[in-house]
Amino acid sequence: VGSRATSNRATLIPFAPLAEGTRSDAVARRLSDAIKLGLIGDGDPLPAEAELAAQLGVATVTLREALKALRRDGLIETRRGRAGGSFVRSPPATSLQRVRARLRELSADELRDLGDYRAAVSGASAGLAAERGSPFEVSQLADQAGDVADVPGIAGSRRADSRFHIRLAAIGHSIRLTRAEIAIQAEIGELLLLLHDDGAERGRAATEHEAIMAAVSARDGERARPLAEAHVAADSARLIELHIELAGGGPR
Ligand SMILES: [Zn+2]
């Protein structure tokens, strides 16, 4: 199946080079997004400092400062000695109560706008994945399409969902679409926890992911694109419904 580092382009994205003159806070944000989204799993080692700095295209001192911030936030743990290094610690899920408060504060217009943008990115990604994904990449993601309903726990299910969408963009081999998808997931991933709180919604997501991957596997981009757009639009519609419920009659 290949090593974790080479098995999937999405796993390489967190370490893709940043722009020149990047500051440590941008490096820290990139890595913390990747950890929170589960692109780097709990307990996974980060590459050695010199190697990681080279991959990100930043100075070692900049990376060290970023790692210090991640350590302070409890997102990595550094151990000394022969088996030492920095290891990822996935944060506990945000409380649903806090996520509901955030959803209530967003306006329906903002949610709709975000949904439109998500649909554009997901649709384009699915179309490109059908055209450009390697057979290995496509079959691997097809195997993971149902994870969103199978993995235990709301947070696990949400992370499986984020990972699916980021990998779909990654196998379309568009770095910009993949970065856009990562940014979207980092922005709304938390809100999606509310959908994953509902078993029926998890089932819907799994069925829709599987339909998208059936079209991608058949190399049918014309079918994959609208399926991905409709899937994401259904997520958005459900979030807007929840928002209206919370803003209308919910406890204050
Ligand atoms: Zn999804």
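First listed ligand is number 1; within each ligand, the first listed atom is number 1. These values consider heavy atoms only, across backbone and side chains, with no hydrogens, waters or symmetry-generated copies.
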No-hydrogen, no-angle side-chain donor-acceptor test under 3.5 Å, H173 and E137: yes
Distance-only polar pair, side chains of T62 and E65, donor-acceptor under 3.5 Å: no
I171 CD1 to L141 CG distance, which is reported to the nearest 0.5 Å: 5.0 Å
For the Zn ion (ligand 1): the N/O/S atom of H209 at shortest distance: NE2
Atom of H165 nearest the Zn ion (ligand 1) (restricted to N/O/S, atom name only): NE2
Side-chain donor-acceptor contact under 3.5 Å, T60 with R64: no
Shortest-distance N, O or S atom of D161 relative to the Zn ion (ligand 1): OD1
